[in-house]
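What you are looking at is a predicted structure, and each value in this text was computed from that prediction instead of being measured. In what follows, every heavy atom counts, from backbone to side chain, and hydrogens, waters and symmetry copies are set aside. In what follows, chains carry the letters A, B, and so on, assigned in the order in which the sequence lines appear, proteins first and then strands, with residues in each chain numbered from 1.
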Protein chains: 2
Amino acid sequence: MTKHSNDLDTLFSALSDPTRRAILTRLARGPATLSDLHTPHDMALPSLMAHVKKLETAGLISTEKQGRIRTCRLTPGAFTPVQSWLEEQRSLWTSRLDRFDAYVTQLAQPNQEQTDDPRSKD
Amino acid sequence: MTKHSNDLDTLFSALSDPTRRAILTRLARGPATLSDLHTPHDMALPSLMAHVKKLETAGLISTEKQGRIRTCRLTPGAFTPVQSWLEEQRSLWTSRLDRFDAYVTQLAQPNQEQTDDPRSKD
DNA sequence: TGAATGCTTAGTCATACGACTAAGTATTCG
DNA sequence: CGAATACTTAGTCGTATGACTAAGCATTCA
């Protein structure tokens with residue numbers, strides 16, 4: 001069993017390395033072979049290969065071998081789960097702010113009934 | 001020296017663990033003490049503490065101690081570098097698609113001069 | 001004051017990660 | 001065919017991560 005069971009685990013983990021992010025940035029401009037990807041990095045080829053494999057496992061890129069050459073390309077829409085998670089967090093955060101705002105507004109108008117501080121809700 | 005020198009390294013790495021993402025989700029609803037954060041997780045308190053510390057190091061949360069109680073809260077805008085990076089990638093990708101589109105359009109109109117396939121550019 | 005509470009530190013351990021070298025395999029070129 | 005090319009596999013090594021237990025240290029409450 002690998003360490004990361006979850007999609008997001010694997011994605012965020014794959015993105016947490018600068019070499020891998022550089023590879024993605026390169027591939028955003030177009031497909032490339034392993035050697036192409038290797039050239040700018042001061043690192044042995046097997047080490048770079050391991051990064052490429054991690055990106056592929058995370059579903060961020062796909063690779064295809066023709067003859068002795070392996071070509072790598074970005075997977076369209078691979079960032080979607082990441083962006084969705086971020087969006088969900090943002091949504092939770094703003095709805096909290098809304099509730100807090102309503103609470104403060106209510107405090108400022110003591111004529112009306114008050115509910116509990118919404119911040120303490122589970 | 002820690003392993004992650006870069007902001008993005010630390011951020012993505014902090015986000016790559018489900019316990020830590022759960023903590024963030026909890027804090028999106030409002031501040032909480034360490035014990036609060038601990039309760040739902042079947043894990044020793046020091047282990048949870050380590051996660052909280054990692055989130056704090058990444059700048060995703062801040063903590064403050066009053067008496068014997070440590071309160072944790074989300075750092076507003078902490079996701080910005082992550083979202084900017086994603087946005088930059090998207091931008092590279094779409095500009096590549098635009099260039100490719102222009103190339104295809106040109107192929108379909110052989111009357112006009114053709115440039116090289118933009119995909120092969122460095 | 002003495003005990004309970006809430007966190008903190010210290011130390012251990014297993015596994016994962018990321019780099020390397022060396023050697024192997026499969027294409028392609030001369 | 002034989003050599004160069006482009007990856008691939010295997011094996012090693014040091015460090016990082018993430019979990020645990022046990023013990024320590026303030027604060028607060030009775």
Review point. Hey, are the side chains of A:H41 and A:H51 touching, using non-hydrogen atoms and a 4.5 Å cut-off?
Key: no

Exercise for review: For the residue pair B:L34 and B:T63, establish whether any side-chain heavy-atom pair is separated by less than 4.5 Å.
Suggested key: no

Nearest whole Å is fine: how far is [N] [atom2] from [X] [atom1]?
| X | N | atom1 | atom2 | answer |
| --- | --- | --- | --- | --- |
| B:Q66 | D:dT27 | CD | P | 13 Å |
| B:I69 | C:dA4 | CD1 | P | 18 Å |
| B:L37 | C:dG6 | CG | P | 14 Å |
| A:H38 | C:dA19 | NE2 | C1' | 12 Å |
| A:D17 | C:dA16 | CG | P | 18 Å |
| B:R68 | D:dC29 | CZ | C1' | 8 Å |
| B:D9 | D:dA16 | CG | C1' | 14 Å |

Exercise for review: Return the orientation label for the A:W85 and A:F12 ring planes: parallel under 30°, perpendicular over 60°, tilted otherwise.
Suggested key: perpendicular

Check your understanding: Base, sugar-phosphate alone, or nothing: which one does B:T19 contact when heavy atoms must sit under 4.0 Å apart?
Key -> nothing

Roughly how far, to the nearest 0.5 Å, is the [atom2] atom of [Y] from the [atom1] atom of [X]?
| X | Y | atom1 | atom2 | result |
| --- | --- | --- | --- | --- |
| B:I61 | B:L74 | CD1 | CG | 8.0 Å |
| B:Q66 | B:T71 | CD | OG1 | 5.0 Å |
| B:C72 | B:K65 | SG | NZ | 11.0 Å |

Point to revise | A:K53 backbone acceptor or donor facing A:T57 side chain under 3.5 Å | key: yes

For [X] and [N], is the shortest distance between a side-chain N/O and OP1 or OP2 below 4.0 Å?
| X | N | value |
| --- | --- | --- |
| A:R20 | C:dG18 | yes |
| A:R70 | D:dT8 | yes |
| B:K65 | C:dT8 | yes |

Revision key, fill the gap. The correct set of residues in residues 40-53 of chain A placing a heavy atom under 4.0 Å from DNA chain D is A:L45, A:P46, A:M49, A:K53

